[in-house]
Student: 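Before anything else, here's the structure in question.
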Amino acid sequence: MGSFQKLLQFLWLLIISLAIFPFVLCLTARCSSKDRSALLQFNQSLMIKTLHPHLPPPLACPTCAIPYAKTQSWKEDQDCCSWAGITCDNSTGHVSLELVNFKMLLQNASQLEEVYLDFVNMSSSMITESLTKNLSSDSLTSLSLRGCQLYGEFPRNIFLLPKIRMLELRNNPNLNGSLPSSPERHNYSSLEYLNLFYTRFAGTLPDSISYLYSLKQLDLSSCLFSGHVPESIGNLSRITRINLSNNGFNGQLPSTLAQLEQLIHFYLDSNDFQGPIPNVFANLQKLFSVSFANSNVQGSFPSSILNLTRIYSINFSENQLNGAIPSKAGDRPNLTFLYLNGNLLNGTIPPWIFRLPSLMFLKLDSNQFIGQIQEFHHKSIEVISLGYNQLHGPIPSSIFQLVNLTILGLESCQLEGVLELGKFSNLQNLVNLGLANNNLSLNNIEISSINFTLPNLQTLDLSKNQIHGKIPSSLWGFGPDKLTHLILSHNYISEIQLPWTNLRHFDISFNLLRGSIPIPPTTINDLFLSSNVISGEIPFLLCNSSSLTILDLSNNHLTGELPKCLGNMSIKLSVLDVRRNHLTGNIPEMFDENSSLRSLNLNQNKFQGSVPHSLLNCTRLEVIDLGNNNLSGTFPYWLDNLPMLQVLILRSNGFFGTLESSETKFPFPLLRILDLANNNFSGLLPDFYIKHLAGMMNTESSSDLRDPYIGQTYYIDSIILILKRQTLEVVKILNIFTVIDLSMNKFQGKIPDSLGNLHALQGLNLSSNFLEEEIPTSIADLRKLEFLDLSSNNLKGQIPQQLTRLNFLAVLNLSNNHLAGSIPRGRQFDTFGNDSYVGNSELCGFPLTRKCGNDNEKEEPRVENQESEKEFDWRSVVIGYASGLIIGLIVAQLIFWCGKPKWFNEIVHHWCKRVARHQRKFRIVRMYR
């Protein structure tokens, strides 16, 4: 029986082995043809052109390429996974070069003359050490390590190799180094090509750069260089290309640039230069392209560049150039790109620009040009951007004949007239049409029968014009299948249809739309219908827009309930704004897990019930505004778990109860606006929450943000607050804006000292409660406070003198309390009127008419008068001293000549007795203190 069982086990194992054998074969990695080709190319890039020490003299050919022994097994007709030094990952199929073998491969690198190892992963420190140790050969002429993930310090001695002509190190973002500052002329003078683009090379550009007599191309862009560009750069007489963009170079550009007569390409973008662009271009007759964009250069436009006949591209955009562009220029038959946008240029646009025969890209926007746009003489142009100037007049008729035009930007140019859509029919290549913020109108009657299409149009912006009534059907031909952005806001449109099938962004806010909500295509991402006269309920068809990220229906006449199906879009929906409508019912529990909701604004509706707990799923929420509704219940303390919440507004509802301590360890970590005013909250002020409002304690991190406002690309959040006793709509919420409003509730007890830790607080309103005891002196630590309202409470005691340290305090209201004593003087307190203190019967002093008990009460001197008072005291001292000196000399003379008179002795004796009596009295007073 035992042998039979063993036989069965053997057969069973055999069956299993046969079954899994095909899968094992499938899991065995095989080299792809792409990987094999790359490795063979890598092998060929390692070339030895010097005598090989192990070969007999007949084979020691100086010009022959000898493969290394480690790579002789690399045959094209074999699987590269079987090659020496190669490993293949069975799970991923990735092919890699073994680290040890790669190190051995480089151990004889000192014999190499040309090394091309582009995109070979050398992130290992062992490889970097081996590379830097063995690539310092006197015979090395070319070294290319582009995109090799090198890191650490690159050895300077490689720059100084006597035969090095080409050094390519670009796209190694973790590679550090600096250029050698050698005073010897023979050092690294053979270098012809140097490229350090996108590395961490830093330091200055040394004066010894002038010793690179042979240098033809220099690319130091996107590094960390700083300092001045040395005048010695003018000695690079053979240079054809210079790129120093995206660094920290500063100072004035040297005039020696005029000596670079072979220069063809010159790029200095994104630096921090000072002073004008030197007028050096007269000698640079071979210059083809020049770009100083965003480099802080100032002064006038360098006129000498307009006389270069070979110039193809000029980019001086985003600087501080001023004055007019020269009205006359030489022959520029090749000028194709002209970028002067974002400067301070003024005057009229010179006529020669409109006559350039090869011009394709013209960007003059964001300047101060005046006058009318002239007619274009050639049809080669593809991009016209003249917006944000002080131009006027009609759109030139020649623009409608530019058949190659793809982008037309004439925003904010004060253009006027009737926009005849039919004239655009020739612009079949038009992709972007921007005519916003002008005085253009549409002639509905004239264009109603026109039938044409602009098949490639993707963006159409006609906002802030004089468009009235119904949008004509002829507009439907503007990008019927490709139009993605349609912006018609701030007009007088009353009716529109949406036939566009690919619309992503639609903004028709601030118009006169009536009736129900127009249904966009299901491709819509951003839907702005705010500030119209739209009525009816929110249609369920909107829920079919599964890609919707922004839904703004605010300031309309919508009724009914909020559709629960909107929650189905919460994975992508970022903004839901339905404020200032007439919506009713409960806020539905509609927010799913993984919600992307960032801003929820339901202010000024008629919602009832409690705050939905499903908001806990919205971990990206930054703004919750549920103010001015009919909500009820206790404070939704669980909202303090939302890690990104910055604005919480629950004002003017029916909330009640105390604000008890939360179980959350760090509640409301980023909260900066808290408005719970006009509810029925009671108990003590929430000291636990106040102690943990980290977002109100320091604004340094917020002030460094690139975007200063809360919001996103197309939607900037706005809220309604009661500031300084007036309703104020904060259209843009600054990231550093911090306010607490707990007014018009039933809070009692003392004001907690912990408020003084909120150093970033700008507004504090605790009015109309039942707060007691004294005003804490810790409020004086709120150095950024601009308005403070503690009115209509039961506060007592004196106003702390320390509050005069609040230098930014513009509004103060302490009225209707039980405060007593004198009102502090100095700084901002001297600017407040009677209404800041009325209703406090025991207060006295300025600005009240009630004087304090001690009329000789010392007041804090005003800062602005200290200097004048010092000057007055000094004059008094000088005058008194001089008068006393003269009288003393006269009396001394009389005594000297006549002797001491009796009357003088009696006066001195009497005066000494009075001084002695006064000193005894002063000592007694000090004794009993």
Side-chain angles (χ1 to χ4, degrees), residues 537-538 551 553-554 558-570 573 575-664 667-668 671 673-686 688-689 719-721 740-747 769:
E537 298 185 354
I538 299 176
L551 178 59
L553 306 176
S554 61
L558 298 173
T559 57
E561 298 185 355
L562 198 63
K564 188 175 181 179
C565 65
L566 291 176
N568 300 333
M569 303 183 297
S570 63
L573 189 64
V575 174
L576 177 58
D577 189 350
V578 295
R579 61 188 154 151
R580 290 179 175 172
N581 280 286
H582 307 292
L583 299 172
T584 57
N586 294 336
I587 303 174
E589 295 278 0
M590 62 180 183
F591 305 102
D592 297 333
E593 293 185 5
N594 301 319
S595 171
S596 297
L597 195 64
R598 188 197 58 77
S599 178
L600 176 65
N601 198 328
L602 310 182
N603 196 301
Q604 291 191 2
N605 279 283
K606 300 177 182 179
F607 290 112
Q608 301 173 349
S610 59
V611 179
H613 277 74
S614 59
L615 282 176
L616 273 176
N617 296 324
C618 306
T619 57
R620 300 181 187 179
L621 262 175
E622 297 179 3
V623 177
I624 298 178
D625 188 351
L626 306 180
N628 297 286
N629 280 285
N630 299 320
L631 300 173
S632 59
T634 58
F635 178 73
Y637 62 90
W638 36 267
L639 290 177
D640 63 17
N641 281 288
L642 297 176
M644 306 298 293
L645 192 62
Q646 301 182 50
V647 178
L648 177 60
I649 300 177
L650 302 177
R651 75 158 34 243
S652 299
N653 278 285
F655 293 107
F656 58 87
T658 61
L659 272 65
E660 299 177 353
S661 298
S662 169
E663 296 180 358
T664 305
F668 297 121
L671 195 67
I673 296 178
L674 176 62
D675 188 353
L676 307 180
N678 196 17
N679 280 284
N680 292 310
F681 290 116
S682 58
L684 301 177
L685 289 175
F688 172 78
Y689 281 124
I719 55 175
I720 298 174
L721 295 175
I740 292 179
D741 191 346
L742 304 179
S743 63
M744 293 182 286
N745 280 286
K746 299 177 181 179
F747 291 112
N769 281 285

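If you're wondering where the values come from, they're calculated on a predicted model, not measured in any experiment.
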Student: Just to verify, what does Asp640 make a side chain to side chain donor-acceptor pair (under 3.5 Å) with, not counting sequence neighbours?
Tutor: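 In terms of side chain to side chain donor-acceptor pair (under 3.5 Å), with neighbours along the sequence ignored, Asp640 is linked to Ser662, Thr664, Tyr689.
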
Student: Hey, could you give me the CG/CD distance between Leu597 and Glu622, rounded to the nearest 0.5 Å?
Tutor: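 Reported value, rounded in 0.5 Å steps: 10.5 Å.
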
Student: With the side chain counted from C-beta on, respond yes when Leu583 and Ile538 share a heavy-atom pair under 4.5 Å apart, and no when they do not.
Tutor: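 Yes. Closest side-chain heavy atoms under 4.5 Å.
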
Student: Considering only NZ, NE, NH1 and NH2 on the basic side and carboxylate oxygens on the acidic side, decide whether Arg651 and Asp741 come within less than 4.0 Å.
Tutor: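 Yes, this pair counts.
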
Student: Can you tell me how far the OG atom of Ser610 sits from the CD1 atom of Ile587, to the nearest 0.5 Å?
Tutor: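 Output value for this atom pair is 8.5 Å.
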
Student: Hey, what do you get for CD1 (Ile673) to CD (Gln646), rounding to the nearest 0.5 Å?
Tutor: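 The CD1 atom of Ile673 sits 8.5 Å away from the CD atom of Gln646.
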
Student: Which atom pair, heavy atoms only, marks the closest approach of Val611 to Pro636?
Tutor: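 The answer is CG2-CG, 4.1 Å.
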
Student: Could you pull out all residues at least two apart from Phe747 that satisfy ring pair (Phe, Tyr, Trp, His ring centres under 6.0 Å)?
Tutor: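 None.
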
Student: List the residues meeting side-chain contact (heavy atoms from CB on, under 4.5 Å) with Leu684, not counting sequence neighbours, and say none if there are none.
Tutor: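 Listed in chain order: nothing, the list is empty.
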
Student: Partners of Glu589 by side chain to side chain donor-acceptor pair (under 3.5 Å), sequence neighbours excluded?
Tutor: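 By the side chain to side chain donor-acceptor pair (under 3.5 Å) rule, Glu589 matches Ser614.
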
Student: Are the side chain of Asn641 and the backbone of Leu639 linked by a donor-acceptor contact shorter than 3.5 Å?
Tutor: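 Such a contact is absent between Asn641 side chain and Leu639 backbone.
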
Student: Could I get the full list of side-chain contact (heavy atoms from CB on, under 4.5 Å) partners for Asn630, not counting sequence neighbours?
Tutor: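 Applying side-chain contact (heavy atoms from CB on, under 4.5 Å) to Asn630 gives Lys606, Gln608.
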
Student: Any non-hydrogen side-chain atom of Leu659 less than 4.5 Å from a side-chain atom of Phe681?
Tutor: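 Side-chain contact under 4.5 Å: yes.
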
Student: With side chains defined as the heavy atoms from C-beta onward, is the minimum distance between Val578 and Leu558 less than 4.5 Å?
Tutor: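 A side-chain contact is absent here, since even the closest heavy-atom pair is not under 4.5 Å.
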
Student: Under 4.5 Å between any side-chain heavy atoms of Ile624 and Leu645, yes or no?
Tutor: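 Yes - at least one pair of side-chain heavy atoms lies under 4.5 Å apart.
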
Student: What pairs with Ser596 under side-chain contact (heavy atoms from CB on, under 4.5 Å), at least two apart in sequence or on another chain?
Tutor: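 Result, side-chain contact (heavy atoms from CB on, under 4.5 Å) vs Ser596: Arg620.
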
Student: Under a 4.5 Å cut-off applied to non-hydrogen side-chain atoms, are Thr619 and Met644 in contact?
Tutor: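 They are not in contact (no side-chain heavy atoms under 4.5 Å apart), so the answer is no.
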
Student: Are the side chain of Asp675 and the backbone N or O of Ala677 linked by a donor-acceptor pair below 3.5 Å?
Tutor: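 Judged by distance alone, yes, a pair lies under 3.5 Å.
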
Student: How close do Leu576 and Met590 get, heavy atom to heavy atom, and via which atoms?
Tutor: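 In this case the closest contact between Leu576 and Met590 is CD2-CE, 3.9 Å.
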
Student: Hey, does Leu648 have a side-chain heavy atom less than 4.5 Å from the side chain of Phe668?
Tutor: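 Of all side-chain heavy-atom pairs linking Leu648 with Phe668, at least one is under 4.5 Å.
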
Student: Going by the rule ring pair (Phe, Tyr, Trp, His ring centres under 6.0 Å), which residues pair with Phe591 if we only count those two or more places apart in sequence or in a different chain?
Tutor: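 Counting only residues at least two positions away or on another chain, Phe591 forms no ring pair (Phe, Tyr, Trp, His ring centres under 6.0 Å).
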
Student: So do the side chains of Cys618 and Leu600 get within less than 4.5 Å of each other, counting heavy atoms only?
Tutor: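 Cys618 vs Leu600: side chains apart.
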
Student: Using 0.5 Å steps for rounding, measure from the CG atom of Asn678 to the CG atom of Asn628.
Tutor: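 Asn678 atom CG to Asn628 atom CG measures 8.0 Å (nearest 0.5 Å).
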
Student: Return the set of residues passing side chain to side chain donor-acceptor pair (under 3.5 Å) with His582 (not counting sequence neighbours), or none when no residue passes.
Tutor: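 Partners of His582 by the side chain to side chain donor-acceptor pair (under 3.5 Å) criterion come out as none, since no residue qualifies.
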
Student: Just jot down the side-chain contact (heavy atoms from CB on, under 4.5 Å) partners of Ser632, sequence neighbours excluded, or say none.
Tutor: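 Listed in chain order: nothing, the list is empty.
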
Student: Name all pairs fulfilling the ring-ring contact (aromatic ring centres under 6.0 Å, His included) condition that reach into residues 640-660, sequence neighbours left out, sorted by first residue then second.
Tutor: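 Every candidate ring-ring contact (aromatic ring centres under 6.0 Å, His included) pair involving residues 640-660 fails, so no pair, neighbours aside, qualifies.
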
Student: Would a distance-only check, ignoring hydrogens and angles, find a side-chain to backbone donor-acceptor pair under 3.5 Å from Asp625 to Val647?
Tutor: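 No: the side chain of Asp625 does not pair with the backbone of Val647.
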
Student: Quick check: do Asn653 and Phe607 have side-chain heavy atoms less than 4.5 Å from each other?
Tutor: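 Not touching, per the 4.5 Å side-chain cut-off.
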
Student: Any luck finding a side-chain donor-acceptor pair between Asn605 and Asn629 under 3.5 Å?
Tutor: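 Asn629 and Asn605 do not have a side-chain donor-acceptor pair below 3.5 Å.
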
Student: Apply the test side-chain contact (heavy atoms from CB on, under 4.5 Å) to residues Leu551 and Leu566: give CA-CA distance (whole Å), side-chain angles for both, the deciding distance (0.1 Å), then the verdict.
Tutor: CA-CA 10 Å; Leu551 178 59; Leu566 291 176; 4.2 Å; yes

Student: Distance check, rounded to the nearest 0.5 Å: Leu626 atom CG versus Leu615 atom CG?
Tutor: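 Here the interatomic distance stands at 7.5 Å.
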
Student: How long is the gap from CG on Asn745 to CG on Asn680, to the nearest 0.5 Å?
Tutor: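 Atom-to-atom, Asn745:CG and Asn680:CG are 7.0 Å apart.
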
Student: Restricting to side chain to side chain donor-acceptor pair (under 3.5 Å), what partner residues turn up for Ser595, sequence neighbours left out?
Tutor: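 Ser595 satisfies side chain to side chain donor-acceptor pair (under 3.5 Å) with no other residue.
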
Student: Count the heavy atoms of every other residue, nucleotide or ligand shown that sit under 6.0 Å from CZ of Phe688, and state whether that count exceeds 12.
Tutor: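 More than 12 heavy atoms, drawn from other residues, nucleotides or ligands, come within 6.0 Å of this atom.
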
Student: For Arg579, is there any backbone N or O sitting under 3.5 Å from a side-chain donor or acceptor partner on Asn581?
Tutor: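 It does hold such a pair.
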
Student: Write down the atom of Lys746, the atom of Asn769, and the distance for their closest heavy-atom approach.
Tutor: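 Where Lys746 meets Asn769 most closely, the heavy atoms are N-OD1, 3.3 Å.
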
